[in-house]
S.K.: 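Below you'll find the structure I mean.
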Amino acid sequence: MASVLIVFGSTTGNTESIAHILERKLTDAGHTVSVQNAANAKPEHIAKDYNAVLFGASAWGEEDIEMQEDFDSFFEHAKDMDLANKPCAAFASGDRSYPHFCGAVDVIEETVKQLGGNCITDGLRIEGDGQGEDEAINTFIDEILKVL
C-alpha cells in the first residue's frame, strides 16, 4: 500500500478537521498516512519518502488570496520539498462570503505544477469543517485512490 503525507494549515480548526477526515478515509483504504501541521513541518525534502502528498489550507482576502499564515510560511519553501513528479492534491476550508472561495486550492495547485508535481484530482473545496460533506470528500478520495 501507499504512503501518503497530509500537510495542513489551520487557524480555526476547520482545515485540520478535513485533514483528519481524509486521513481516516485513506487509512481505511489500507494506506499509511502521516498528518503534519504546517506550523511544525519542515519543507526540506518533506515529500521524498511518500507516494503522494495532500496539501490543505484556508485562505481569505478581498482582492488577493491571503493564505493561512502557518501554511504560507511553510509553502514559501515549496521548491525544497521534492515535488517533481510527485502525485499531489489540494484541499481547503473556506467561507463563500470571500471572493476567492477556497483560493488556497488555486495557489497550491499552481505551485505544485510549477515545481513539476502532478495534481491528481481537482482540489477539494469545503465550507466549514467537512462534516456533512461526505459526497465531495468521497469523490476526492476516490480520485486519489485511483493513483495510489
Side-chain angles (χ1 to χ4, degrees), residues 2-29 31-83 86-115 117 119-145 148:
S3 179
V4 180
L5 172 64
I6 299 174
V7 181
F8 71 89
S10 188
T11 300
T12 65
N14 286 341
T15 307
E16 180 176 10
S17 175
I18 296 167
H20 289 295
I21 292 169
L22 298 174
E23 174 190 23
R24 282 190 301 277
K25 300 250 181 210
L26 290 167
T27 300
D28 289 349
H31 300 286
T32 303
V33 181
S34 176
V35 178
Q36 294 187 28
N37 187 324
N40 304 317
K42 304 288 184 236
E44 294 79 23
H45 310 293
I46 196 168
K48 74 175 183 168
D49 295 328
Y50 296 93
N51 300 105
V53 182
L54 309 182
F55 293 107
S58 53
W60 44 87
E62 295 297 326
E63 292 182 28
D64 296 323
I65 298 171
E66 298 174 37
M67 300 287 282
Q68 192 274 344
E69 61 189 37
D70 296 325
F71 190 87
D72 190 45
S73 296
F74 167 79
F75 217 57
E76 284 177 0
H77 303 282
K79 66 182 179 356
D80 300 327
M81 295 183 199
D82 296 329
L83 296 179
K86 185 71 63 175
C88 298
F91 65 95
S93 173
D95 181 334
R96 292 188 191 281
S97 68
Y98 285 96
H100 305 287
F101 175 64
C102 293
V105 166
D106 301 320
V107 172
I108 293 166
E109 289 178 343
E110 181 60 31
T111 301
V112 165
K113 289 174 186 174
Q114 287 175 0
L115 296 172
C119 292
I120 55 179
T121 187
D122 292 337
L124 176 64
R125 299 169 193 262
I126 299 284
E127 184 153 5
D129 65 2
Q131 301 302 315
E133 295 288 346
D134 293 341
E135 184 176 343
I137 291 170
N138 288 337
T139 299
F140 181 71
I141 289 293
D142 288 345
E143 291 301 312
I144 292 167
L145 291 175
L148 297 180

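This one's a predicted model, so the numbers in the text were calculated from it and none came from an experiment.
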S.K.: Applying side-chain hydrogen bond (donor to acceptor under 3.5 Å, both in side chains), name anything that partners Lys25, two or more places apart in sequence or on another chain.
M.R.: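 For Lys25 the side-chain hydrogen bond (donor to acceptor under 3.5 Å, both in side chains) partners, ignoring immediate neighbours, are Asn138.
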S.K.: Sort and list the pairs that fulfil salt bridge (charged side-chain N to carboxylate O under 4.0 Å, His left out) and have at least one residue in residues 92-108, not counting sequence neighbours.
M.R.: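 Of all non-adjacent pairs touching residues 92-108, those that pass salt bridge (charged side-chain N to carboxylate O under 4.0 Å, His left out) are Arg96-Glu127, Asp106-Arg125.
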S.K.: Restricting to ring pair (Phe, Tyr, Trp, His ring centres under 6.0 Å), what partner residues turn up for Phe8, sequence neighbours left out?
M.R.: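 Checked Phe8 against ring pair (Phe, Tyr, Trp, His ring centres under 6.0 Å); zero matches.
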S.K.: Kindly write out the residues that satisfy side chain to side chain contact (heavy atoms under 4.5 Å, CB included) with Asp64, not counting sequence neighbours, or none if the list is empty.
M.R.: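 Asp64 satisfies side chain to side chain contact (heavy atoms under 4.5 Å, CB included) with no other residue.
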S.K.: Run the side-chain hydrogen bond (donor to acceptor under 3.5 Å, both in side chains) test against Gln131 and tell me which residues pass, sequence neighbours left out.
M.R.: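 Here no residue qualifies.
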S.K.: I'd like to check the side-chain hydrogen bond (donor to acceptor under 3.5 Å, both in side chains) partners of Thr139; sequence neighbours left out, ordered by chain and number.
M.R.: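 Result, side-chain hydrogen bond (donor to acceptor under 3.5 Å, both in side chains) vs Thr139: none returned.
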S.K.: Listed by chain and number, what are the side-chain hydrogen bond (donor to acceptor under 3.5 Å, both in side chains) partners of His20, not counting sequence neighbours?
M.R.: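 Expected list: Glu23.
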S.K.: For Ala78, what residues pass the side chain to side chain contact (heavy atoms under 4.5 Å, CB included) criterion, not counting sequence neighbours?
M.R.: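 If we apply the side chain to side chain contact (heavy atoms under 4.5 Å, CB included) test to Ala78, skipping adjacent residues, the hits are Phe75, Met81, Thr111, Leu115.
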S.K.: Give the table of side-chain donor-acceptor pairs shorter than 3.5 Å for residues 37-44, with sequence neighbours excluded, one pair per line with atom names and distance.
M.R.:
from	atom 1	to	atom 2	distance (Å)
Asn37	OD1	Ala39	N	2.9

S.K.: Could I get the full list of side chain to side chain contact (heavy atoms under 4.5 Å, CB included) partners for Ala57, not counting sequence neighbours?
M.R.: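 Partners of Ala57 under the side chain to side chain contact (heavy atoms under 4.5 Å, CB included) test: Met67, Phe71, Ala104.
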S.K.: Taking side chain as C-beta onward, heavy atoms only, is Leu54 less than 4.5 Å from Phe91?
M.R.: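 Touching, per the 4.5 Å side-chain cut-off.
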S.K.: Mind checking what makes ring pair (Phe, Tyr, Trp, His ring centres under 6.0 Å) contact with Tyr50, not counting sequence neighbours?
M.R.: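 Result, ring pair (Phe, Tyr, Trp, His ring centres under 6.0 Å) vs Tyr50: none returned.
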S.K.: Salt bridge (charged side-chain N to carboxylate O under 4.0 Å, His left out) with Glu143: which residues, sequence neighbours excluded?
M.R.: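 Listed in chain order: Lys146.
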